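Quantities reported herein were computed from a predicted structural model and do not represent experimental measurements. Sequential numbering from 1 along the given sequence is applied to the chain's residues. We count ligands from 1, going down the list as the structure has it; atoms in each ligand are counted the same way.
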Amino acid sequence: MDYNINKDGYYGDFGGAYIPEILYANVEELRERYLEILDDPAFRMEFDQLLRDYVGRPSPLYFAARLSEKYGARIYLKREDLNHTGAHKINNTIGQILLARRMGKTRIIAETGAGQHGVASATVCALMGMKCIVYMGETDIARQQLNVKKMEMLGAEVRPVTSGNKTLKDATNEAIRDWCCHPADTHYIIGSVVGPHPYPDMVARFQSVISEEIKKQLVEHEGRDYPDYLVACVGGGSNAAGTFYHYLNDERVKLIAAEAAGLGIDTEKTAATIRRGRKGVIHGSYTLVMQTEDGQIVEPYSVSAGLDYPGIGPLHANLASKGRAEVLAVTDDEALAAALELTRLEGIIPALESAHALGVFGQKKFRKEEVVVLTISGRGDKDMDTYIERYSQMGIL
Ligand SMILES: *Cc1c(COP(=O)(O)O)cnc(C)c1O
(Lines give C-alpha, C1' and ligand atoms only; values in the text may rest on other atoms or scores of the structure.)
Protein backbone atom coordinates (compact mmCIF):
# COMPACT_ATOMS: atom_id res chain seq x y z
CA MET A 1 0.00 0.00 0.00
CA ASP A 2 1.22 3.51 -0.84
CA TYR A 3 0.06 6.14 1.61
CA ASN A 4 1.56 9.10 -0.22
CA ILE A 5 -0.45 11.43 -2.41
CA ASN A 6 -1.28 10.24 -5.93
CA LYS A 7 -0.76 12.27 -9.08
CA ASP A 8 -4.31 13.60 -8.96
CA GLY A 9 -3.87 15.03 -5.48
CA TYR A 10 -5.70 12.31 -3.55
CA TYR A 11 -4.84 10.13 -0.58
CA GLY A 12 -7.16 7.22 -1.25
CA ASP A 13 -10.62 8.78 -1.40
CA PHE A 14 -9.53 12.00 0.30
CA GLY A 15 -8.04 15.29 -0.85
CA GLY A 16 -8.40 16.93 -4.23
CA ALA A 17 -9.02 20.60 -4.93
CA TYR A 18 -12.66 21.66 -4.54
CA ILE A 19 -12.32 25.35 -5.23
CA PRO A 20 -14.35 28.15 -6.80
CA GLU A 21 -13.57 28.97 -10.43
CA ILE A 22 -11.99 32.29 -9.43
CA LEU A 23 -9.26 30.52 -7.41
CA TYR A 24 -8.41 28.04 -10.11
CA ALA A 25 -5.50 30.01 -11.61
CA ASN A 26 -3.80 30.54 -8.22
CA VAL A 27 -4.03 26.92 -7.16
CA GLU A 28 -3.05 25.65 -10.60
CA GLU A 29 0.05 27.87 -10.66
CA LEU A 30 1.06 26.46 -7.30
CA ARG A 31 0.34 22.89 -8.35
CA GLU A 32 2.42 23.25 -11.50
CA ARG A 33 5.42 24.75 -9.76
CA TYR A 34 5.73 23.45 -6.21
CA LEU A 35 7.58 20.21 -6.90
CA GLU A 36 10.03 21.77 -9.31
CA ILE A 37 10.79 24.53 -6.77
CA LEU A 38 11.08 22.14 -3.80
CA ASP A 39 13.41 19.86 -5.73
CA ASP A 40 15.69 22.68 -6.87
CA PRO A 41 19.04 22.22 -5.04
CA ALA A 42 19.41 25.98 -4.55
CA PHE A 43 15.99 26.13 -2.87
CA ARG A 44 16.83 23.11 -0.74
CA MET A 45 20.10 24.69 0.36
CA GLU A 46 18.44 27.93 1.40
CA PHE A 47 15.66 26.07 3.22
CA ASP A 48 18.10 23.80 5.06
CA GLN A 49 20.31 26.69 6.04
CA LEU A 50 17.43 28.69 7.54
CA LEU A 51 16.16 25.59 9.36
CA ARG A 52 19.60 25.21 10.87
CA ASP A 53 20.64 28.78 11.64
CA TYR A 54 17.29 30.49 12.17
CA VAL A 55 14.98 27.77 13.51
CA GLY A 56 17.74 25.92 15.39
CA ARG A 57 17.42 22.50 13.74
CA PRO A 58 17.95 19.65 14.09
CA SER A 59 15.64 19.59 17.10
CA PRO A 60 16.90 17.10 19.70
CA LEU A 61 15.56 13.57 20.02
CA TYR A 62 15.54 13.22 23.79
CA PHE A 63 15.40 9.91 25.64
CA ALA A 64 12.90 10.55 28.44
CA ALA A 65 14.25 8.24 31.14
CA ARG A 66 11.72 8.89 33.89
CA LEU A 67 8.72 8.84 31.55
CA SER A 68 10.07 5.59 30.10
CA GLU A 69 10.43 4.13 33.57
CA LYS A 70 6.86 5.07 34.44
CA TYR A 71 5.22 3.62 31.31
CA GLY A 72 7.51 0.69 30.61
CA ALA A 73 8.76 1.52 27.12
CA ARG A 74 11.73 3.29 25.55
CA ILE A 75 10.23 6.74 25.08
CA TYR A 76 11.91 9.44 23.01
CA LEU A 77 10.61 12.99 22.65
CA LYS A 78 11.13 14.88 19.39
CA ARG A 79 11.62 18.39 20.67
CA GLU A 80 9.85 20.72 18.23
CA ASP A 81 9.15 22.90 21.28
CA LEU A 82 12.76 24.06 21.10
CA ASN A 83 12.35 25.64 17.65
CA HIS A 84 12.41 29.41 17.20
CA THR A 85 8.85 30.68 17.95
CA GLY A 86 8.24 27.59 20.06
CA ALA A 87 6.63 25.02 17.76
CA HIS A 88 6.84 23.07 14.50
CA LYS A 89 4.82 25.64 12.53
CA ILE A 90 7.92 27.63 11.60
CA ASN A 91 9.21 24.73 9.42
CA ASN A 92 6.25 25.22 7.11
CA THR A 93 6.21 29.03 7.05
CA ILE A 94 9.93 29.17 6.20
CA GLY A 95 9.33 26.78 3.32
CA GLN A 96 6.32 28.67 2.02
CA ILE A 97 7.90 32.14 2.21
CA LEU A 98 10.88 30.92 0.17
CA LEU A 99 8.47 29.38 -2.34
CA ALA A 100 6.41 32.59 -2.50
CA ARG A 101 9.53 34.61 -3.24
CA ARG A 102 10.48 32.26 -6.04
CA MET A 103 7.03 32.62 -7.52
CA GLY A 104 7.49 36.40 -7.55
CA LYS A 105 4.84 37.08 -4.88
CA THR A 106 5.21 40.17 -2.70
CA ARG A 107 2.20 39.97 -0.41
CA ILE A 108 1.45 37.22 2.11
CA ILE A 109 -1.88 36.35 3.65
CA ALA A 110 -2.55 33.79 6.37
CA GLU A 111 -5.39 32.62 8.59
CA THR A 112 -4.98 31.98 12.27
CA GLY A 113 -7.04 30.58 15.12
CA ALA A 114 -5.10 30.80 18.36
CA GLY A 115 -2.52 32.98 16.65
CA GLN A 116 0.35 30.48 16.49
CA HIS A 117 0.34 30.17 12.71
CA GLY A 118 -0.21 33.93 12.44
CA VAL A 119 2.91 34.56 14.52
CA ALA A 120 4.95 32.03 12.51
CA SER A 121 3.80 33.71 9.27
CA ALA A 122 4.46 37.24 10.58
CA THR A 123 7.91 36.06 11.70
CA VAL A 124 9.03 34.86 8.26
CA CYS A 125 7.52 37.95 6.61
CA ALA A 126 9.64 40.14 8.88
CA LEU A 127 12.62 37.96 8.00
CA MET A 128 12.03 38.43 4.27
CA GLY A 129 10.69 42.00 4.37
CA MET A 130 7.31 41.01 2.93
CA LYS A 131 3.87 42.49 3.56
CA CYS A 132 1.80 40.26 5.82
CA ILE A 133 -1.94 40.26 6.46
CA VAL A 134 -3.35 37.79 8.98
CA TYR A 135 -7.08 37.04 9.13
CA MET A 136 -8.28 36.24 12.62
CA GLY A 137 -11.78 35.85 14.06
CA GLU A 138 -12.89 38.56 16.49
CA THR A 139 -13.56 35.97 19.18
CA ASP A 140 -10.01 34.67 18.85
CA ILE A 141 -8.55 38.19 18.83
CA ALA A 142 -10.19 38.83 22.17
CA ARG A 143 -8.85 35.53 23.61
CA GLN A 144 -5.34 35.69 22.20
CA GLN A 145 -4.12 39.25 22.75
CA LEU A 146 -0.50 38.24 23.31
CA ASN A 147 -0.24 36.68 19.86
CA VAL A 148 -2.10 39.61 18.27
CA LYS A 149 0.45 42.01 19.74
CA LYS A 150 3.35 39.78 18.67
CA MET A 151 2.07 39.80 15.08
CA GLU A 152 1.70 43.59 15.17
CA MET A 153 5.16 44.01 16.65
CA LEU A 154 6.48 41.85 13.80
CA GLY A 155 4.91 44.29 11.35
CA ALA A 156 1.87 42.26 10.27
CA GLU A 157 -1.64 43.62 9.92
CA VAL A 158 -4.21 41.58 11.85
CA ARG A 159 -7.62 41.83 10.16
CA PRO A 160 -10.59 41.01 12.41
CA VAL A 161 -13.16 38.63 10.93
CA THR A 162 -16.75 39.20 12.07
CA SER A 163 -18.63 36.51 10.14
CA GLY A 164 -19.91 33.19 11.54
CA ASN A 165 -18.58 32.23 14.96
CA LYS A 166 -15.67 34.64 14.40
CA THR A 167 -13.11 31.85 14.80
CA LEU A 168 -10.63 29.86 12.66
CA LYS A 169 -13.07 28.50 10.07
CA ASP A 170 -14.35 32.03 9.37
CA ALA A 171 -10.83 33.47 9.23
CA THR A 172 -9.94 30.80 6.65
CA ASN A 173 -12.96 31.72 4.51
CA GLU A 174 -11.91 35.37 4.65
CA ALA A 175 -8.32 34.57 3.64
CA ILE A 176 -9.63 32.56 0.67
CA ARG A 177 -11.80 35.54 -0.32
CA ASP A 178 -8.75 37.83 -0.19
CA TRP A 179 -6.75 35.43 -2.37
CA CYS A 180 -9.47 35.50 -5.00
CA CYS A 181 -9.13 39.32 -5.21
CA HIS A 182 -5.32 39.42 -5.39
CA PRO A 183 -4.26 36.47 -7.54
CA ALA A 184 -1.20 38.08 -9.11
CA ASP A 185 0.87 39.32 -6.17
CA THR A 186 -0.36 37.27 -3.20
CA HIS A 187 0.64 33.92 -1.73
CA TYR A 188 -1.63 32.30 0.85
CA ILE A 189 0.36 30.49 3.56
CA ILE A 190 -1.92 27.76 4.89
CA GLY A 191 -0.89 26.58 8.36
CA SER A 192 -1.47 22.84 8.22
CA VAL A 193 -1.82 19.85 5.87
CA VAL A 194 -5.30 21.05 4.88
CA GLY A 195 -6.82 23.02 2.01
CA PRO A 196 -6.88 22.19 -1.71
CA HIS A 197 -4.18 20.13 -3.40
CA PRO A 198 -1.21 20.82 -3.47
CA TYR A 199 -1.26 22.35 0.04
CA PRO A 200 -1.56 19.12 2.06
CA ASP A 201 1.36 17.55 0.19
CA MET A 202 3.45 20.72 0.16
CA VAL A 203 3.07 21.33 3.89
CA ALA A 204 3.77 17.64 4.64
CA ARG A 205 6.99 17.89 2.64
CA PHE A 206 8.13 20.98 4.57
CA GLN A 207 7.33 19.27 7.88
CA SER A 208 8.92 15.99 6.80
CA VAL A 209 12.22 17.30 8.15
CA ILE A 210 10.92 16.00 11.50
CA SER A 211 10.96 12.33 10.46
CA GLU A 212 14.09 12.82 8.34
CA GLU A 213 15.88 13.81 11.56
CA ILE A 214 14.23 11.07 13.63
CA LYS A 215 15.70 8.48 11.24
CA LYS A 216 19.24 9.74 11.71
CA GLN A 217 18.87 10.34 15.44
CA LEU A 218 17.45 6.88 16.14
CA VAL A 219 20.49 5.28 14.52
CA GLU A 220 22.66 7.09 17.06
CA HIS A 221 20.43 6.16 20.00
CA GLU A 222 19.16 2.71 19.09
CA GLY A 223 21.31 1.47 16.22
CA ARG A 224 18.31 1.24 13.88
CA ASP A 225 16.56 3.96 11.94
CA TYR A 226 12.95 3.19 12.83
CA PRO A 227 10.88 3.10 16.02
CA ASP A 228 8.11 0.67 16.90
CA TYR A 229 5.64 3.50 17.39
CA LEU A 230 5.28 7.13 16.37
CA VAL A 231 2.89 9.30 18.34
CA ALA A 232 1.71 12.82 17.50
CA CYS A 233 -1.28 15.06 18.12
CA VAL A 234 -3.54 16.00 15.22
CA GLY A 235 -5.30 19.32 14.71
CA GLY A 236 -5.11 19.79 10.97
CA GLY A 237 -2.32 17.24 11.10
CA SER A 238 0.94 18.94 10.10
CA ASN A 239 3.20 17.93 12.99
CA ALA A 240 1.84 14.39 12.73
CA ALA A 241 2.37 14.38 8.95
CA GLY A 242 5.97 15.50 9.45
CA THR A 243 6.52 12.88 12.14
CA PHE A 244 5.04 10.04 10.03
CA TYR A 245 6.24 11.14 6.59
CA HIS A 246 9.33 8.97 5.99
CA TYR A 247 7.67 6.00 7.69
CA LEU A 248 4.28 6.12 5.98
CA ASN A 249 4.99 3.01 3.90
CA ASP A 250 7.17 1.25 6.51
CA GLU A 251 4.71 -1.13 8.14
CA ARG A 252 7.18 -2.06 10.88
CA VAL A 253 6.33 1.33 12.37
CA LYS A 254 2.90 1.74 13.99
CA LEU A 255 1.38 5.19 13.77
CA ILE A 256 -0.75 6.72 16.53
CA ALA A 257 -2.64 9.98 16.05
CA ALA A 258 -4.09 11.70 19.11
CA GLU A 259 -7.06 13.93 18.49
CA ALA A 260 -8.80 16.20 20.96
CA ALA A 261 -11.87 14.66 22.58
CA GLY A 262 -12.69 17.86 24.48
CA LEU A 263 -15.22 16.88 27.16
CA GLY A 264 -15.61 13.45 25.52
CA ILE A 265 -16.20 12.04 22.03
CA ASP A 266 -19.85 11.35 22.83
CA THR A 267 -20.55 14.93 23.90
CA GLU A 268 -21.25 18.01 21.78
CA LYS A 269 -18.09 19.60 23.14
CA THR A 270 -15.45 17.74 21.16
CA ALA A 271 -12.89 18.22 18.40
CA ALA A 272 -12.50 14.50 17.62
CA THR A 273 -12.90 15.00 13.88
CA ILE A 274 -11.77 11.53 12.80
CA ARG A 275 -13.98 9.71 15.28
CA ARG A 276 -16.98 12.01 14.96
CA GLY A 277 -16.66 13.56 11.51
CA ARG A 278 -18.28 12.46 8.25
CA LYS A 279 -17.06 12.76 4.69
CA GLY A 280 -17.45 16.19 3.19
CA VAL A 281 -15.66 19.17 1.72
CA ILE A 282 -14.02 21.83 3.86
CA HIS A 283 -11.73 24.58 2.64
CA GLY A 284 -11.18 22.95 -0.74
CA SER A 285 -10.49 19.40 0.44
CA TYR A 286 -12.64 16.25 0.52
CA THR A 287 -12.04 14.84 3.97
CA LEU A 288 -13.68 14.16 7.33
CA VAL A 289 -15.64 17.10 8.67
CA MET A 290 -17.56 17.79 11.88
CA GLN A 291 -21.00 18.54 10.49
CA THR A 292 -24.71 18.39 11.22
CA GLU A 293 -27.10 16.01 9.42
CA ASP A 294 -27.68 18.62 6.72
CA GLY A 295 -24.00 19.42 6.23
CA GLN A 296 -23.58 22.55 8.36
CA ILE A 297 -20.09 22.69 9.85
CA VAL A 298 -20.13 22.20 13.62
CA GLU A 299 -17.90 24.35 15.75
CA PRO A 300 -15.43 22.03 17.49
CA TYR A 301 -14.34 22.37 21.09
CA SER A 302 -11.09 21.57 22.87
CA VAL A 303 -9.24 23.14 25.78
CA SER A 304 -6.39 23.38 23.28
CA ALA A 305 -6.87 26.19 20.76
CA GLY A 306 -4.57 24.54 18.19
CA LEU A 307 -6.65 21.35 17.92
CA ASP A 308 -10.15 22.69 17.38
CA TYR A 309 -10.30 22.64 13.59
CA PRO A 310 -13.55 21.10 12.24
CA GLY A 311 -11.69 19.24 9.47
CA ILE A 312 -8.61 17.03 9.24
CA GLY A 313 -5.87 16.77 6.65
CA PRO A 314 -6.82 14.27 3.89
CA LEU A 315 -3.61 12.32 4.54
CA HIS A 316 -4.87 11.49 8.04
CA ALA A 317 -8.43 10.76 6.90
CA ASN A 318 -6.89 8.13 4.62
CA LEU A 319 -4.48 6.70 7.22
CA ALA A 320 -7.39 6.32 9.65
CA SER A 321 -9.84 4.85 7.15
CA LYS A 322 -7.27 2.29 5.94
CA GLY A 323 -6.36 1.36 9.50
CA ARG A 324 -2.74 2.41 8.92
CA ALA A 325 -2.92 4.82 11.86
CA GLU A 326 -4.58 4.17 15.16
CA VAL A 327 -6.59 7.18 16.31
CA LEU A 328 -7.02 7.84 20.01
CA ALA A 329 -9.19 10.61 21.40
CA VAL A 330 -7.76 12.36 24.44
CA THR A 331 -9.98 14.52 26.66
CA ASP A 332 -9.20 17.93 28.14
CA ASP A 333 -8.70 16.36 31.56
CA GLU A 334 -6.42 13.60 30.27
CA ALA A 335 -4.31 16.18 28.42
CA LEU A 336 -4.07 18.43 31.46
CA ALA A 337 -2.95 15.50 33.62
CA ALA A 338 -0.39 14.45 31.00
CA ALA A 339 1.02 17.99 30.73
CA LEU A 340 1.56 18.16 34.49
CA GLU A 341 3.08 14.70 34.50
CA LEU A 342 5.65 15.53 31.80
CA THR A 343 6.49 18.75 33.61
CA ARG A 344 7.11 16.95 36.91
CA LEU A 345 8.90 13.91 35.43
CA GLU A 346 11.08 15.57 32.80
CA GLY A 347 11.07 19.33 33.51
CA ILE A 348 9.40 20.10 30.18
CA ILE A 349 6.20 22.19 30.06
CA PRO A 350 4.54 21.12 26.80
CA ALA A 351 1.97 22.94 24.67
CA LEU A 352 -1.58 21.80 25.40
CA GLU A 353 -1.75 20.31 21.89
CA SER A 354 1.33 18.17 22.56
CA ALA A 355 -0.17 17.14 25.92
CA HIS A 356 -2.85 15.30 23.91
CA ALA A 357 -0.15 13.15 22.35
CA LEU A 358 1.21 12.45 25.84
CA GLY A 359 -2.31 11.42 26.89
CA VAL A 360 -1.82 8.30 24.75
CA PHE A 361 0.31 6.74 27.53
CA GLY A 362 -2.75 6.63 29.76
CA GLN A 363 -4.74 4.71 27.13
CA LYS A 364 -2.30 2.34 25.50
CA LYS A 365 0.12 -0.24 26.89
CA PHE A 366 3.55 -0.67 25.36
CA ARG A 367 6.17 -3.35 25.98
CA LYS A 368 9.38 -2.55 27.84
CA GLU A 369 11.68 -2.97 24.86
CA GLU A 370 9.48 -1.08 22.41
CA VAL A 371 10.78 2.22 21.06
CA VAL A 372 8.18 4.99 21.07
CA VAL A 373 8.92 8.38 19.50
CA LEU A 374 6.48 11.11 20.47
CA THR A 375 6.57 14.59 18.99
CA ILE A 376 6.35 17.50 21.41
CA SER A 377 4.92 19.91 18.82
CA GLY A 378 5.35 23.03 20.93
CA ARG A 379 6.16 24.57 24.28
CA GLY A 380 3.67 25.50 26.96
CA ASP A 381 4.43 29.20 27.42
CA LYS A 382 1.41 30.22 25.35
CA ASP A 383 -0.86 28.01 27.48
CA MET A 384 0.18 29.27 30.91
CA ASP A 385 -3.11 31.14 31.45
CA THR A 386 -5.05 27.91 30.91
CA TYR A 387 -2.66 25.87 33.04
CA ILE A 388 -2.85 28.42 35.86
CA GLU A 389 -6.66 28.46 35.75
CA ARG A 390 -7.09 24.68 35.62
CA TYR A 391 -4.37 23.67 38.08
CA SER A 392 -5.49 26.36 40.53
CA GLN A 393 -8.99 24.87 40.50
CA MET A 394 -7.42 21.50 41.28
CA GLY A 395 -5.41 22.99 44.14
CA ILE A 396 -2.09 22.20 42.47
CA LEU A 397 -1.01 25.80 41.92
C1 LIG B 1 -0.96 24.49 15.66
C2 LIG B 1 -0.42 23.52 16.59
C3 LIG B 1 -0.78 22.16 16.55
C4 LIG B 1 -1.82 21.61 15.62
O5 LIG B 1 -1.53 21.72 14.27
P6 LIG B 1 -1.11 20.45 13.38
O7 LIG B 1 -1.19 20.98 11.99
O8 LIG B 1 -2.10 19.38 13.66
O9 LIG B 1 0.26 20.07 13.77
C10 LIG B 1 -0.15 21.27 17.41
N11 LIG B 1 0.76 21.69 18.31
C12 LIG B 1 1.12 22.99 18.40
C13 LIG B 1 2.14 23.38 19.41
C14 LIG B 1 0.55 23.95 17.55
O15 LIG B 1 0.92 25.23 17.67
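Taking distance alone, with nitrogen or oxygen atoms compared against 3.5 Å, Lys89 approaches ligand 1 more closely than that limit. Checked by distance only, ligand 1 and Gly191 stay at 3.5 Å or farther apart across all their nitrogen or oxygen atoms. For ligand 1, none of its N or O atoms has an N or O atom of Cys233 under 3.5 Å away. When only interatomic distances are considered, the shortest N/O to N/O separation between Lys382 and ligand 1 does not fall below 3.5 Å. Here's the thing with Gly235: one of its N/O atoms is less than 3.5 angstrom from an N/O atom of ligand 1.
A donor-acceptor contact closer than 3.5 angstrom links the side chains of Glu222 and Tyr76. Between the side chains of Tyr301 and Asp332, at least one donor-acceptor pair of N or O atoms lies under 3.5 Å. Checked by atom type, the side-chain pair Thr167/Thr139 shows no donor-acceptor distance below 3.5 Å. Side-chain contact check for Tyr62 and Arg79: no donor-acceptor pair (N or O, by modelled atom type) lies under 3.5 Å. A donor atom on one side chain and an acceptor atom on the other are found under 3.5 Å apart for Tyr71 and Glu341.
Within ligand 1, counting atoms from 1 as listed, the ones closer than 4.0 Å to a heavy atom of Gly378 are 13 (C). Near Ser192, the atoms of ligand 1 lying under 4.0 angstrom from a non-hydrogen atom of the residue are 6 (P), 7 (O). Set against the non-hydrogen atoms of Ala351, the atoms of ligand 1 under 4.0 Å away are 13 (C). Proximity to His88 (heavy-atom distance under 4.0 Å) selects the following atoms of ligand 1: 2 (C), 3 (C), 6 (P), 9 (O), 10 (C), 11 (N), 12 (C), 14 (C).
Residue-level proximity to ligand 1 for Glu80 is absent, since no heavy atom of it falls below 4.0 angstrom.
Here the heavy atom of the protein found nearest to atom 6 (P) of ligand 1 is Ser238 N, 3.3 Å. Of all protein heavy atoms, the one lying nearest to atom 4 (C) of ligand 1 is Gly306 O, 3.4 Å. Protein heavy atom closest to atom 11 (N) of ligand 1, with residue, atom name and distance, is Ser377 OG, 2.7 Å.
Between Thr331 and Leu263 the shortest side-chain heavy-atom distance does not fall below 4.5 Å.
By the side chain to side chain contact (heavy atoms under 4.5 Å, CB included) test, Tyr391 is found to be paired with Leu336, Ala339, Leu340, Tyr387, Met394, Ile396, Leu397, residues two or more places apart in sequence or in another chain being considered.
Sorted by first and then second residue, the salt bridge (Lys or Arg N to Asp or Glu O under 4.0 Å) pairs with a member in residues 161-175 read Glu174-Arg177; sequence neighbours excluded.
A cation-pi arrangement is absent between Arg102 and Phe43 under the rule of less than 6.0 angstrom and at most 45 degrees off the ring axis.
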